[in-house]
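See below for the structure under consideration.
Here is how names work: the chains are called A, B, and so on, in the same order as the sequence lines, proteins then strands, and each is numbered from 1.
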Number of protein chains: 2
Amino acid sequence: MATSTEENYLKTILHLEEEKGAAKVGDIATELQLTSGTVTTMMHALSEQGLIDYAPRKGLKLSEEGRLSALQVVRRHRLIELFLVEVMNLDWSEVHDEAEDLEHVISDRLLDRMDEMLGRPTHDPHGDPIPDREGKVTVVVSTSLAKMEVGSYRVVRVSDESSDLLEWLNQKGLTIGQEFELSREDRAAGILEIRRAGEESLQLGLEAAEQVFVEAI
Amino acid sequence: MATSTEENYLKTILHLEEEKGAAKVGDIATELQLTSGTVTTMMHALSEQGLIDYAPRKGLKLSEEGRLSALQVVRRHRLIELFLVEVMNLDWSEVHDEAEDLEHVISDRLLDRMDEMLGRPTHDPHGDPIPDREGKVTVVVSTSLAKMEVGSYRVVRVSDESSDLLEWLNQKGLTIGQEFELSREDRAAGILEIRRAGEESLQLGLEAAEQVFVEAI
DNA sequence: ATTTTTATCTTGATCAATCAAGATAGGGAG
DNA sequence: CTCCCTATCTTGATTGATCAAGATAAAAAT
Ligand SMILES: [Mn+2]
Ligand SMILES: [Mn+2]
Ligand SMILES: [Mn+2]
Ligand SMILES: [Mn+2]
């Protein structure tokens, strides 16, 4: 089996492929906070194991086997996050780091118990889809709030990387499923205004809005 | 902080000190399935960090700090085991291995949630005491069933090392708290006979009885 | 077509954890 | 008092993961 280090590389490559179409050595290094030389070395190792197709200097991509492995890690990560929120009552802002470690040690047995206990859920606390045991993923259609025009929207997904933003969103009640009106977009000032029935209006910066994904309603 | 490898060494040393009075390099090697040279190297590292008092060739023992660290790992291990049995509904025969890994990655935060959820328990599923946050441990008084004479007893603790034995005990209803009568001890043949009201009598070998700890009633 | 830039690669080194093989110290046997 | 046995130690090597510094190739700029 892949070591936890390798699992983290695979997850990062999958993430970059989904985000930017392809994973480059430099991007992997940035995301994992490593030097590119270190990443190059690991690319050889992963290639050796048939987890990626790697042509030095030309590019790399997950092999079918690598993609499945990566999806299994993502599945573990997201199920664990949901478990921590639903069963352990931790806040959605504090489960990511914990899951980052647990995802590498939890047994299939225990994972299945969690899955069962949670009723075979399809989405994690941040709105990300949970791959099923075969690696199938429901696509979540959504656009970053930062790109939207004035109108009515529903929160569909939130980036789980910034704990601070998650805390703020939670405090303001901007959780998954929440509906609201984007009442003003002041691109020059980089500020958006959000309004909900019976609530005070809120302002948030574009950088924050980048992390919130919505669908029109 | 100590690495998981170091945590496992500390736990083993604590175990040996409790079991045999002192931990020797060779015993640590046997228990962790390593060569003695490897253990010697780690002894220098642990000594360096002030976790053990080590005099080459003379002996070693946990320092106060090392003892507390070891007890924290044991606390994590046992709380996790209990959580897996009580909350996750895993069998007491399958939680040890899982806890062996989880004990090194779980956060204080999550551990405390488990502790809270379980009602600040004092004993794990096998009857072993759970050290409190300060490392205080309730002593469990018990003797191995293998050493007992015919009479009435209550199961107080069971070794958690043999998954097979745990499964068998569970199937026969010989769980913690269970009372029974030791009706025959045939030392020559290495067989003990156990009887309970309204149940068929059971036979078990001395090696198995070694692992079951009881108190007279 | 050259030159320059820059991402990627290679190399030599380090650190943790480990083993195999051989050295050694100390407690017991004679 | 010497010899020997055995547990413990030391040494040299390996593997995984990493970095710093320098080499190189492909793309971009001139
Ligand atoms: Mn996450
Ligand atoms: Mn991780
Ligand atoms: Mn255990
Ligand atoms: Mn362990």
Side-chain angles (χ1 to χ4, degrees), chain A residues 1-17 19-62 66 69-70 73 100-101 103-105, chain B residues 1-13 15-17 19-63 66 69-70 73 100-101 103-105:
Chain A
M1 262 307 88
T3 63
S4 22
T5 307
E6 287 168 344
E7 289 188 339
N8 284 333
Y9 274 95
L10 291 177
K11 221 174 37 156
T12 300
I13 296 171
L14 177 64
H15 180 231
L16 288 169
E17 287 188 355
E19 208 76 351
K20 318 193 162 188
K24 288 188 293 179
V25 168
D27 293 343
I28 300 171
T30 303
E31 192 134 328
L32 291 175
Q33 309 207 71
L34 298 170
T35 62
S36 45
T38 301
V39 174
T40 298
T41 306
M42 182 59 88
M43 292 310 98
H44 281 106
L46 294 178
S47 178
E48 205 63 38
Q49 293 168 76
L51 295 168
I52 62 173
D53 295 323
Y54 175 53
R57 248 148 194 150
K58 295 218 55 186
L60 64 102
K61 73 171 207 287
L62 289 172
S69 284
V73 183
E100 204 57 53
D101 290 336
E103 68 190 4
H104 308 293
V105 300
Chain B
M1 263 305 90
T3 62
S4 21
T5 308
E6 287 168 345
E7 290 188 340
N8 284 332
Y9 274 94
L10 291 177
K11 222 174 37 155
T12 300
I13 297 171
H15 181 231
L16 288 169
E17 287 188 355
E19 208 78 349
K20 320 194 162 186
K24 288 189 294 179
V25 169
D27 293 342
I28 300 171
T30 303
E31 192 133 328
L32 291 175
Q33 310 207 74
L34 300 170
T35 62
S36 45
T38 300
V39 174
T40 299
T41 306
M42 182 58 88
M43 292 309 99
H44 281 107
L46 293 179
S47 178
E48 206 61 40
Q49 293 169 75
L51 295 168
I52 62 173
D53 295 323
Y54 175 52
R57 250 147 191 151
K58 295 217 57 185
L60 64 102
K61 72 172 208 287
L62 288 172
S63 68
S69 285
V73 184
E100 204 58 53
D101 290 336
E103 67 189 4
H104 308 294
V105 300

From [atom1] of [X] over to [atom2] of [N], roughly how many Å is that when rounded to an integer?
X        : N       : atom1 : atom2 : result
Asn8(B)  : dA16(C) : CG    : P     : 17 Å
Glu6(B)  : dA16(C) : CD    : P     : 9 Å
Leu34(A) : dC15(C) : CG    : P     : 18 Å
Ile52(A) : dT8(C)  : CD1   : P     : 13 Å
Leu16(A) : dA7(C)  : CG    : C1'   : 15 Å

Show, in sequence, the C-alpha distance, side-chain angles and deciding distance for Asp101(B) and His104(A), and conclude whether the side chain to side chain contact (heavy atoms under 4.5 Å, CB included) test is met. CA-CA 10 Å; Asp101(B) 290 336; His104(A) 308 293; over 6 Å; no
Summary of protein contacts for nucleotides 8-16 of chain D, nucleotide by nucleotide, where a base hit scores B, a sugar-phosphate-only hit scores S (4.0 Å, heavy atoms): BBB------
Can you sort out the partners of Glu19(B) under salt bridge (charged side-chain N to carboxylate O under 4.0 Å, His left out), two or more places apart, ordered by chain and number?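 Counting only residues at least two positions away or on another chain, Glu19(B) forms no salt bridge (charged side-chain N to carboxylate O under 4.0 Å, His left out).
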Qualifying residue for side-chain contact (heavy atoms from CB on, under 4.5 Å) with Leu46(A), from Leu60(A), Thr41(A), Leu62(A), Ile52(A):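 Among Leu60(A), Thr41(A), Leu62(A), Ile52(A), the one meeting side-chain contact (heavy atoms from CB on, under 4.5 Å) with Leu46(A) is Ile52(A).
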Check whether any side-chain nitrogen or oxygen of Tyr9(B) sits under 4.0 Å from OP1 or OP2 of dA16(C), and answer yes or no.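 Result: no.
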Is it true that a side-chain atom of [X] and a backbone atom of [Y] form a donor plus acceptor pair closer than 3.5 Å?
X        : Y        : value
Glu6(A)  : Thr3(A)  : yes
Ser63(B) : Gly50(B) : yes
Glu7(A)  : Val73(A) : no

